[in-house]
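Following: one structure in structure tokens, then a few remarks.
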Amino acid sequence: MQYMYIEGEHVVSHYLLLSCLFSVLSCYFDLSIARIFMAAKVVEQEVTKVTPLRSHSSSAQELTLPLTYFDILWLKFPPVERIFFYEITGLASDFFNSEIVPRLKHSLSLTLLHYLPLAGSIVWRPQAQDQQQQPVIYYSPDDDDYGVSVTVAVSSNNDFSHLSGNGIRGDVEFHPLVPQFCCLTLFPDRGFSIGVSSHHAILDGKSTTMFVKSWAYLCKQLAELEQEPSNVNVLPELLTPVFDRTLIKDPKGLYMRYFNMWFSSDPNSKPSLKVLPPVSVDFNKLVRASFVLTREDIKKLRDSINDLNDSKQKQLHLSTYVLTLAYAYVCIVNAKREEEAAAAANRDVIFGFPVDYRSRLNPPAPLNYFGNCVGRVAEFAKASDFMQLEKGFAFAVEKLSDLVKGIDADAFEGSKEKIAQIMAKLKQGALLLSVAGSTHFDVYGSDFGWGRPKKVEIVSIDVSGAVSLAESRDGCGGVEVGVVLEKPQMEAFASLFRDGLDASDAPR
């Protein structure tokens with residue numbers, strides 16, 4: 001997950017390819033520039049490297065793991081960055097530094113024994129004798145460059161409640177909390193945060209969540225495990241990663257299609273593995289906020305669609321996921337239109353969502369397959385199709401429902417052609433609507449031993465332009481929607497979000 005050195009080249013961890021496919025946007029940005037804005041509010045105390053535990057009988061062995069066609073597609077794009085906020089009233093610096101940090105580091109070292117790719121690097125290696133060199137994940141316990149960087153920091157102002165809330169907050173306030181791999185930040189007397197960056201060419205959201213849950217599991221059990229050495233570093237089956245790349249069949253040569261999309265086909269060349277060049281993004285103009293749809297809200301939205309659909313008698317896929325995305329997308333398009341010229345109604349809109357292909361492969365991959373096994377489906381429309389909340393919502397639900405019903409294992413094959421269409425429309429100024437996260441990841445179940453997170457943020461949606469989704473923290477069937485917009489657009493979004501739900505309450 002760190003991938004600091006690639007045969008002499010310094011590389012910043014980066015995520016989201018299909019968010020270029022779904023976010024060519026401001027997709028490439030310089031993390032160091034972004035963090036300057038808040039440098040005075042977070043003070044780094046130390047930066048250390050954590051490696052897989054070496055003093056254990058199951059110490060790490062050398063590992064070389066090839067990339068699949070799912071992986072190579074995401075190779076050069078920015079990272080997914082998440083922050084987990086944990087509230088501990090009265091948390092003292094001494095307890096944080098003497099108890100919490102050592103436990104988190106030790107359990108991370110244990111966890112990396114299971115997740116060796118995250119301690120490695122992407123390097124060029126021949127796949128077989130006389131074959132063209134290919135990028136692979138490589139880890140060696142004998143190389144001092146391997147391991148993951150952990151930053152320990154302290155917030156110099158008392159902003160925990162502000163950052164871990166749902167209200168409108170400055171986007172740049174979150175950047176110092178997510179360095180290259182992991183940042184443990186103390187908020188004196190209030191709690192702490194864990195910021196994690198993950199490279200999408202190495203793992204997708206499901207695998208990232210599995211890793212965090214494994215880390216949390218071992219951290220929480222650490223005291224008990226230390227008393228019974230025979231049980232040290234034992235993970236439940238569903239948290240034990242499967243690395244078998246033969247599970248991902250490639251009879252149609254998709255890997256080389258995507259490899260050649262990134263690199264020259266000249267077998268004598270060894271192009272750079274660096275991420276794509278940064279572009280300027282003014283994060284100071286951006287704010288973020290979270291909005292919650294309760295189970296009751298989702299029922300209202302479903303009922304409103306059923307009422308409108310009575311005359312059509314069309315079978316729609318009215319899952320919580322489809323309803324939430326459709327509602328968020330229609331609010332975003334209308335919020336942006338209110339701040340832009342009337343001509344925005346004719347603007348092209350690209351919208352869709354990620355698809356986990358594990359269960360759709362033939363044969364299916366196990367749920368604990370570790371790596372990247374996600375693609376995206378997309379549809380094209382005009383902004384005018386989303387105008388007026390009720391009609392726009394019905395339009396978005398129908399199109400997203402069609403996308404869900406059209407998913408099959410062969411859909412990924414056409415991704416390259418779809419990418420070309422998306423890129424062409426983005427160059428012409430199309431609006432891109434995508435999503436990060438999932439309501440099935442159970443991110444609020446990541447308990448390291450100090451309780452469930454108070455809040456989980458996906459910071460990187462300020463780069464991808466996506467909305468973030470997570471199950472609501474209360475576990476009552478609701479959904480948490482994260483949005484990053486310019487402040488006037490955010491205010492318009494919040495008003496539209498409320499008004500649409502109020503309208504759903506009105507008699508029909």
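We're numbering straight along the sequence, starting at 1.
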What's the shortest heavy-atom distance between [X] and [Y], and which atoms?
| X | Y | answer |
| --- | --- | --- |
| L239 | Y115 | O-OH, 2.8 Å |
| A470 | V443 | CB-CG2, 4.0 Å |
| V479 | I298 | CG2-CD1, 3.9 Å |
| T48 | K105 | OG1-NZ, 3.1 Å |
| Q45 | N97 | OE1-OD1, 3.6 Å |
| D356 | C373 | OD1-O, 3.5 Å |

Within-4.5 Å side-chain heavy-atom neighbours: [X] and [Y]:
| X | Y | result |
| --- | --- | --- |
| Y139 | P52 | yes |
| F441 | S438 | yes |
| V172 | N284 | yes |
| L403 | F353 | yes |
| L247 | P366 | yes |
| V42 | V154 | no |
| L301 | L501 | yes |
| F192 | T185 | no |

If the threshold is 4.0 Å, N to carboxylate O, is there a salt bridge linking [X] and [Y]?
| X | Y | result |
| --- | --- | --- |
| D144 | K49 | no |
| D159 | K41 | no |
| R288 | E457 | yes |
| R452 | D447 | no |

Donor-acceptor check, side chain of [X] to backbone of [Y], threshold 3.5 angstrom: yes or no?
| X | Y | answer |
| --- | --- | --- |
| R169 | L163 | yes |
| T151 | C183 | no |
| W262 | I72 | yes |
| R125 | V123 | no |
| E173 | G170 | yes |
| S98 | D94 | yes |
| S460 | V463 | no |
| W215 | L104 | yes |
| K213 | D442 | yes |
| S207 | G371 | yes |

Discussion item. Is it the case that atom CZ in R295 sees more than 12 heavy atoms from other parts of the structure closer than 6.0 Å?
Written reply: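 Atom CZ in R295 is not packed in, count stays at 12 or less.
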
Please work out which of the three classes, parallel, tilted or perpendicular, describes the rings of [Y] and [X], given edges at 30° and 60°.
| X | Y | answer |
| --- | --- | --- |
| F497 | F291 | tilted |
| F174 | F85 | perpendicular |
| F263 | F259 | tilted |
| Y329 | F351 | perpendicular |

Does any donor atom in the side chain of [X] or [Y] lie under 3.5 Å from an acceptor atom in the other side chain?
| X | Y | result |
| --- | --- | --- |
| E480 | Y444 | yes |
| H440 | E471 | no |
| K455 | S290 | yes |
| S161 | R190 | yes |
| D462 | H175 | yes |

Discussion item. Pair V148, L112 - check side-chain contact (heavy atoms from CB on, under 4.5 Å), show working.
Written reply: CA-CA 9 Å; V148 297; L112 289 173; 3.8 Å; yes

Atom pair [atom1]/[atom2] of [X] and [Y] - distance to nearest 0.5 Å:
| X | Y | atom1 | atom2 | answer |
| --- | --- | --- | --- | --- |
| S193 | L177 | OG | CG | 4.5 Å |
| D297 | T320 | CG | OG1 | 11.5 Å |
| K220 | L222 | NZ | CG | 13.5 Å |
| I83 | S197 | CD1 | OG | 9.0 Å |
| R358 | L361 | CZ | CG | 9.0 Å |
| L286 | L485 | CG | CG | 8.0 Å |

Discussion item. Could you walk me through whether T68 and L254 satisfy the side-chain contact (heavy atoms from CB on, under 4.5 Å) test, starting with their C-alpha distance in whole Å, then the side-chain angles of each, then the deciding distance to 0.1 Å, before giving a yes or no?
Written reply: CA-CA 9 Å; T68 70; L254 297 180; over 6 Å; no

Worksheet entry | Distance flag, aromatic centroids of Y357 and F70, threshold under 6.0 Å |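 Ring-ring flag for F70/Y357: true, centres closer than 6.0 Å.
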
Worksheet item: Under 6.0 Å between ring centres, would you say that holds for Y258 and Y69?
Response: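 Distance test on ring centres: not under 6.0 Å, no.
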
Worksheet item: Do I202 and I122 pass the side-chain contact (heavy atoms from CB on, under 4.5 Å) test, and can you show the C-alpha distance, the side-chain angles, and the key distance before you say yes or no?
Response: CA-CA 9 Å; I202 313 306; I122 301 178; 3.5 Å; yes

Worksheet item: Which residues satisfy the ring pair (Phe, Tyr, Trp, His ring centres under 6.0 Å) test with Y369, sequence neighbours excluded?
Response: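 Expected list: none.
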
Worksheet item: Going through the distances and angles, do Y321 and T439 end up as a side-chain hydrogen bond (donor to acceptor under 3.5 Å, both in side chains)?
Response: CA-CA 7 Å; Y321 186 80; T439 56; over 6 Å; no

Item to complete: Could you list the residues that satisfy side-chain contact (heavy atoms from CB on, under 4.5 Å) with S140, not counting sequence neighbours?
Response: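 By the side-chain contact (heavy atoms from CB on, under 4.5 Å) rule, S140 matches E62, Y138, D142, D143, Y146.
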
Discussion item. As a quick check of understanding, evaluate side-chain contact (heavy atoms from CB on, under 4.5 Å) for K454 and Y86, giving each step before the final call.
Written reply: CA-CA 6 Å; K454 180 185 178 184; Y86 293 88; over 6 Å; no

Practice prompt. Show the numbers, then the answer: is there a side-chain hydrogen bond (donor to acceptor under 3.5 Å, both in side chains) between T208 and D204?
Written response: CA-CA 6 Å; T208 302; D204 57 19; 5.9 Å; no

